[in-house]
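Below: one structure, written as structure tokens.
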Amino acid sequence: MATSCTDYNFLQIEPHWQNFWEQNGAFRAENISSKPKFYVLDMFPYPSGAGLHIGHPEGYTATDILARYKRAKGFNVLHPIGWDAFGLPAEQHAVKTGTHPASNTQNNIVNFKRQIKALGFSYDWDREIDTTDPKYFRWTQWIFLQLFQRGLAYVDERPVWWCPELRTVLANEEVVDGKSEVGSFPVERKNLRQWVLRITAYAERLLADLKDVDWPDSTKRMQEAWIGRSEGAEILFDLENKALGQLKIFTTRPDTLFGCTYMVIAPEHSLVEALTTVDNKAAVDAYRKKSAGKSDLERTDLAKDKSGVFSGAYAINPVNGHRVPIWIADYVLMGYGTGAIMAVPAHDDRDFEFALQFRLPIQAVVKPSLEWLGKNGAHLEVEVKIDGKSHTWTYAELIEAASTRDKTLEPRAYEVFSQRVSEFKSVFTDLGAAMNSGALDGLPTLEAKGRITESLEKRGVGKKTINYKLRDWLFSRQRYWGEPFPIVWVSEADYAKAKTIRGATLPPQAVTFKESGVTHYALPLPATALPLALPDVQSYLPSGTGESPLANETAWLEIWCNVETGAAVSASSPRPAGDAWVRGRRETNTMPQWAGSCWYYLRFLDPKNADAFASPEALKYWGAPDLYVGGAEHAVLHLLYARFWHKVLFDLGVVPQAEPFTKLFHQGIILGEDGEKMSKSRGNVVSPDTIIQSHGTDTLRLYLMFLGPLEAMKPWSMQQIEGMHRFLQKVWRELIAADGSVNPKVSATAADSAELTKLLHETIKKVGEKIETLQFNTAISDLMVLANAVQKSPTVNPATALTLLQLLAPFAPHIAEELWARLGATGSIMAAPWPAYDAAKLVITEVKLVFQVNGKHRGDQVVPVGLNEEAALQLARENPKVVPHLEGKTIKRVIYVPGRILNIVVA
RNA sequence: GCCCGGAUGGCGGAAUGGUAUACGCAUUCGACUUAAAAUCGAAUUUCCGAAAGGGAGUGUGGGUUCGAGUCCCACUCCGGGCACCA
């Protein structure tokens, strides 16, 4: 039933149809259906206090268009939404106001939901999820238990930002210019006990399986770089002081081992203390202290000046027995490789810089090409002996001679490189051939690598290894507002007791940590005891010790725990009867925001299931999302973490496919009218609410899609949006008369012109194809062209008008429903099958043939399709515009592309 | 420094190797109106020209081709991401 307004009153029409859809459950997806499925997913939002910004509806409109189109095409469409609602801002708000983060979060959700509903998206609201709902995070905790059980979770000391003044741990974003964001107090790095997930165990598969997904190449490449696989060798260097054992290094260039003139270990390396000699101790201690205060970022910021300090100790190069000094420098990171390197200054930029700064020897061991030598050493002057006579040449001359006239000069060229390597303009880091390397001499780099690795391996001082930049995932936060870990810390004896009862659910190796000489054992709650809810706390302020506010909730924290059932009573109560009760302390860390978003796409399949995170039937029917749309800022972290969890679930046999997101698309950022990123401080933020009030959501949706290609970054324009509104007004006016009745030009007795009919069928074809490929901006152009044709036409057949509305419906669903109803069509436009085009109507009998002379457009003529070349050439030669260009010329060649061009090449 | 994008009218942008600038915005003129808005019609890459017409033209320079915005090579500028990863 249509509204009663006479003009295009979107403020009345839009809520009316939103209400209609809601009451009819128009967008409900069925888990049991004979229809083919289509799962289209948005990256669900974090419900911030600021409300929706214009970037949200951009991606959401794109998926909504596809969802509505696919429904019309006969698919059972799953198009869900929910809330990624754990997070730092809610916690900060709670600290400030003292109110529970849940209440603030719920307020924000209400606001987000109102805004999203006002945009008319066809979400299945029955499947709404909220990551902070215990019914949801019960399964987040369950997945953690699976990881834990498989040995993929462990506890380790990791550095975090610590603010002594605020007595709290800070997130990276809470640290601004080395000071706390709140209060500008100094901060330092401090090691704290953290949960870590062993994502590195999946590095190889995370890399290899990228080939199976339909993702933007740039995103794949970013993930590849992040995983950062490199092949090389681990090599053991004997230490001069044999009592200290050996030093293990990682290198991607074992072939340069003969060029190793010193070694560097990270300041955090476990051997630092033992290696440092008495004379150097003071300097080393000072240096370690200085670099401990630096973040990785600061270490890299100081890139220009390499810093470091000599340990006083030496190692022995395993291939030539040379005594090489061991330095300590923070350009070597403990987190990559072995935290120690062999420095080859002749063939590595950083090592070279360091060697220059500390006057360490530089030994060339890889031959560059003569070309490279000429380019980088041209400025040198060299002595050259020819027939016993000495000449002074420029190095460029020597290279020139060696590479053209006199091959015998080549050794001299390399001799110069060898002796004066530090005088060359750049460091040779590419592949070449070995030199000054004993038995390796002359071997190309790749062969030399293999040869030396093999020989080291035989001697037991080296082996081939693969290294990844990817590091294990720091998975805990010292915060209140996150999923609690379903872990209780117990004594060794109690853990042993638990093991006899629940052995199968414990990891192969117990997870432990040592504190004041006591080893604590991590005992998981049984899955039946989930969810472990957050307790109410007195204060959201941090505990002051670095632990989360949960550490202050003694009654929740210190418990008697039943190892069999996971039941708990406060430790202040008497110990309950029975053997299974042990004394424990709960884990006070909570999970990071990523946890909830790592698997939410699976919960949508079966969101109310109380027995499993989703039923096997739902998992099988829906599978992975067919399309996932979201910002490129998630190209690495979210998308890599989710892939990791998914693979673990796949290994468990609970999800049927190895990759979670088959097809991925990133929408571009919408900039402010000034072409800058939208931000509060610039005052260029556009709110969807304002536009919905002034122009309506149909206009907003159309405009967002018309701005430009979905993936492009594009500026907002208030003037352009008027054009979209005019377009909808025009559609309205062509179909509805001033009094609100149907425009008399829409007449059942009117037959459309052949041109209009043809255009209609062309448009059906184009719009359908363009929706499939997410080319919405040009699809809308096509709709405008059709609307313009309808406008020009004196009459229009109702069937044509209805088809136009159907094509418009995915983009601007409210006005489409309204006009559909007013034209007397039955049911919802959403229920009508997508119009099919008639290929016969697309057949053309005449085309415009362009005449070119020497590739230049000189004239054109409408000709029948299938005109042969001879006839076409004849027409061209008679064309008055072409004739002058042919006069007095001989035709050398004719290129004829039927239906397109006839190019006459003349001399 | 490295990696990835991009550069087309006054603006957002469109163009399977085949008429460059579709569609929209803006601007100008005209119609309607007492007037304005809205709407409708027309014009709008640039240079020469009254016009007809012609020349140039997709960041720069080269190349391939009958024909290049599109393919190849070199470069400039802009944007984004990553960054001492051995």
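Naming convention: chains lettered A, B, ... in sequence-line order (proteins, then strands); numbering from 1 in each chain. Since the structure is predicted, the reported quantities are computational estimates derived from the model, not experimental observations.
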Hey, does the side chain of [X] come within less than 4.0 Å of [N]'s phosphate (OP1/OP2), counting only N and O?
{"X": "A:H857", "N": "B:G67", "result": "no"}
{"X": "A:N777", "N": "B:G24", "result": "no"}
{"X": "A:Q720", "N": "B:C23", "result": "no"}
{"X": "A:R726", "N": "B:C25", "result": "yes"}

Just to be sure I understand the rule, does [X] reach a base, reach only the sugar-phosphate, or reach nothing, if contact means heavy atoms closer than 4.0 Å?
{"X": "A:T251", "answer": "sugar-phosphate"}
{"X": "A:D348", "answer": "nothing"}
{"X": "A:H666", "answer": "nothing"}
{"X": "A:L707", "answer": "sugar-phosphate"}
{"X": "A:N788", "answer": "sugar-phosphate"}
{"X": "A:K848", "answer": "base"}
{"X": "A:V850", "answer": "base"}

Specify the residue among A:R858 and A:Q852 whose closest nucleotide of RNA chain B lies further upstream toward the 5′ end.
A:Q852

If you pin A:G723 and A:P709 to their nearest nucleotides in RNA chain B, which one's is more 5'?
A:P709

Quick check on ring pair (Phe, Tyr, Trp, His ring centres under 6.0 Å): which of A:F354, A:F358, A:F310 does A:Y262 satisfy it with?
A:F354

Could you tell me how far apart [X] ([atom1]) and [N] ([atom2]) are, to the nearest whole angstrom?
{"X": "A:R900", "N": "B:G18", "atom1": "CZ", "atom2": "P", "value": "7 Å"}
{"X": "A:M713", "N": "B:G81", "atom1": "CE", "atom2": "C1'", "value": "11 Å"}
{"X": "A:M724", "N": "B:C23", "atom1": "CE", "atom2": "C1'", "value": "8 Å"}
{"X": "A:I904", "N": "B:C66", "atom1": "CD1", "atom2": "C1'", "value": "12 Å"}
{"X": "A:Q775", "N": "B:C23", "atom1": "CD", "atom2": "C1'", "value": "14 Å"}
{"X": "A:K770", "N": "B:G13", "atom1": "NZ", "atom2": "C1'", "value": "13 Å"}
{"X": "A:I249", "N": "B:A86", "atom1": "CD1", "atom2": "C1'", "value": "8 Å"}
{"X": "A:K766", "N": "B:A22", "atom1": "NZ", "atom2": "C1'", "value": "9 Å"}

Rounding to the closest angstrom, what is the interatomic distance between [N] and [M] at atom [atom1]?
{"N": "B:U34", "M": "B:A43", "atom1": "P", "value": "28 Å"}
{"N": "B:A20", "M": "B:G67", "atom1": "C1'", "value": "14 Å"}
{"N": "B:U76", "M": "B:G49", "atom1": "C1'", "value": "36 Å"}
{"N": "B:A15", "M": "B:U21", "atom1": "P", "value": "13 Å"}
{"N": "B:A68", "M": "B:A31", "atom1": "P", "value": "46 Å"}
{"N": "B:C84", "M": "B:G1", "atom1": "P", "value": "16 Å"}
{"N": "B:A42", "M": "B:G54", "atom1": "P", "value": "25 Å"}
{"N": "B:G57", "M": "B:C48", "atom1": "C1'", "value": "15 Å"}

Under a 4.0 Å heavy-atom cut-off, which of residues 219-236 of chain A touch RNA chain B?
A:R221, A:M222, A:S230

Consider the side chain of [X], meaning its heavy atoms from C-beta on, and name the nucleotide among [options] that approaches it most closely.
{"X": "A:V785", "options": "B:G53, B:C84, B:C23", "value": "B:C23"}
{"X": "A:Q719", "options": "B:A26, B:A14, B:A86", "value": "B:A26"}
{"X": "A:K792", "options": "B:A86, B:C40, B:G41", "value": "B:G41"}
{"X": "A:R733", "options": "B:A86, B:U39, B:A14", "value": "B:U39"}
{"X": "A:N903", "options": "B:A14, B:C40, B:G67", "value": "B:G67"}

Under the 3.5 Å Watson-Crick or G-U criterion, the dot-bracket string of RNA chain B, with | for inter-strand pairs
(((((((..(((.....[....))).(((((.......))))).((((....))))..(((((..]....))))))))))))....

Scan side-chain atoms only and decide if A:K730 and A:N788 contain a donor-acceptor pair under the 3.5 Å cut-off.
yes

Any side-chain heavy atom of [X] within less than 4.5 Å of one from [Y]?
{"X": "A:L456", "Y": "A:K463", "answer": "no"}
{"X": "A:F258", "Y": "A:L440", "answer": "yes"}
{"X": "A:L640", "Y": "A:L470", "answer": "yes"}
{"X": "A:R253", "Y": "A:V366", "answer": "yes"}
{"X": "A:I362", "Y": "A:T261", "answer": "no"}

Selection residues 694-708 of chain A - residue pairs positive for side chain to side chain donor-acceptor pair (under 3.5 Å), sequence neighbours left out
A:D64-A:R701, A:H695-A:E722, A:D698-A:H814, A:T699-A:H725

Could you please spell out the steps behind the salt bridge (charged side-chain N to carboxylate O under 4.0 Å, His left out) verdict for A:K792 and A:E734?
CA-CA 10 Å; A:K792 293 243 160 53; A:E734 290 308 311; over 6 Å; no

Among A:I901, A:I904, A:L875, which residue meets the side-chain contact (heavy atoms from CB on, under 4.5 Å) test with A:F851?
A:L875

Salt bridge or not for A:K766 and A:E762, using N-O below 4.0 Å?
no

Could you tell me whether A:R229 and A:E204 make a salt bridge, using a distance below 4.0 angstrom between a side-chain N and a carboxylate O?
yes

Please work out whether B:G9 sits syn or anti, treating a glycosidic angle within 90° of 0 as syn.
syn

Walk me through it: do A:F424 and A:F428 pass the test ring pair (Phe, Tyr, Trp, His ring centres under 6.0 Å)?
CA-CA 9 Å; A:F424 281 71; A:F428 183 70; over 10 Å; no

